[in-house]
Student: 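Structure in C-alpha cells, see below.
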Amino acid sequence: LALMPHPERAIELGQVARVSIMLTDPNGSHVRTLVSDELQAAGAHSIEWDGRTDGGELVASQGSYKVTVTAVEPATGVASTRLGTVLVYR
C-alpha cells in the first residue's frame, strides 16, 4: 500500500485488499469516509474529495486535513495503514 503524492490523491495497492479511506480535520475530528471496507484490485486508484463532510456540507475551515488509508489483505487479515494530507484553502 502506498499513497502517491499527486493532487488526485492516488493510492497504489500491491494486491487485492479491502480498503477504507477516512478524512479528519485539523483538530482530529472525523470529516468524511470516502471508502468503507471496499474490495479493490491491485494497482493504482484515484480518490476524489469534493471538500464536503459526510453530511454534505462544505468543510468549515481551511487547513491540513489528514487522510487515513487502511488496506486489509482478505486471505490473512493483515492490515496496512498509511497517512497523507490534503490542503484546503479558498
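Keep in mind the model is a prediction, meaning the values are calculated, not measured.
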Student: Please walk me through it: do Thr53 and Val59 pass side-chain contact (heavy atoms from CB on, under 4.5 Å)?
Tutor: CA-CA 6 Å; Thr53 67; Val59 293; 4.3 Å; yes
Student: To check you understand the geometry: which heavy-atom pair defines the closest contact between Pro74 and Ala17, and what is its length?
Tutor: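 The pair with the smallest heavy-atom distance is CD-CA, 3.9 Å.
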Student: For Val31 and Asp54: C-alpha separation, side-chain torsions, deciding distance, then whether side-chain contact (heavy atoms from CB on, under 4.5 Å) applies.
Tutor: CA-CA 6 Å; Val31 171; Asp54 280 336; over 6 Å; no
Student: Working to the nearest 0.5 angstrom, can you tell me the gap between Arg32 CZ and Arg52 CZ?
Tutor: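 Result: 8.5 Å between the selected atoms.
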Student: Hey, what do you get for CD (Glu38) to NE2 (His45), rounding to the nearest 0.5 Å?
Tutor: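 Interatomic distance, Glu38 CD to His45 NE2, rounded to 0.5 Å: 10.5 Å.
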Student: Tell me yes or no: between the side chains of Asp25 and His30, is some donor less than 3.5 Å from an acceptor?
Tutor: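 On atom types as modelled, these side chains do not qualify, holding no pair under 3.5 Å.
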Student: Run through Thr68, Thr24, Val67 and flag the one making a side-chain contact (heavy atoms from CB on, under 4.5 Å) with Leu83.
Tutor: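 Option passing the side-chain contact (heavy atoms from CB on, under 4.5 Å) with Leu83: Thr68.
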Student: Over all heavy atoms of both residues, which pair between Ala44 and Glu12 is shortest? Give the atoms and the distance, please.
Tutor: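 Closest approach of Ala44 to Glu12, heavy atoms only: CB-OE1, 3.4 Å.
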Student: So, Ser20 versus Arg18: side-chain donor-acceptor pair below 3.5 Å or not?
Tutor: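 Short answer, no.
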Student: Is the backbone N or O of Val35 less than 3.5 Å from a side-chain atom of Thr33, with the two atoms forming a donor-acceptor pair by type?
Tutor: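 Such a contact is absent between Thr33 side chain and Val35 backbone.
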Student: Answer with yes or no whether the hydrophobic clustering places Val86 together with Val19; edges join I, L, V, M, F, W, Y residues whose side-chain heavy atoms lie under 4.5 Å apart.
Tutor: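 As far as the 4.5 Å side-chain criterion goes, Val19 and Val86 are connected within one cluster.
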Student: What's the spacing between Trp49 CH2 and Leu34 CG if we round to 0.5 Å?
Tutor: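 Taking CH2 in Trp49 and CG in Leu34, the distance rounds to 8.0 Å.
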Student: Working to the nearest 0.5 Å, report the span between CD1 of Ile11 and CD1 of Ile21.
Tutor: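 So the CD1 of Ile11 and the CD1 of Ile21 are separated by 4.5 Å.
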Student: Determine whether Val72 and Met22 fall in the same hydrophobic cluster, where Ile, Leu, Val, Met, Phe, Trp and Tyr are linked whenever their side-chain heavy atoms lie under 4.5 Å apart.
Tutor: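 Val72 and Met22: separate clusters.
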Student: To the closest 0.5 Å, what do you measure between CD (Glu73) and OG (Ser80)?
Tutor: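 Answer rounded to 0.5 Å: 10.5 Å.
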Student: Check Leu13 against Ala41 and note the closest heavy-atom contact, atom names and distance.
Tutor: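 Where Leu13 meets Ala41 most closely, the heavy atoms are CD1-O, 3.5 Å.
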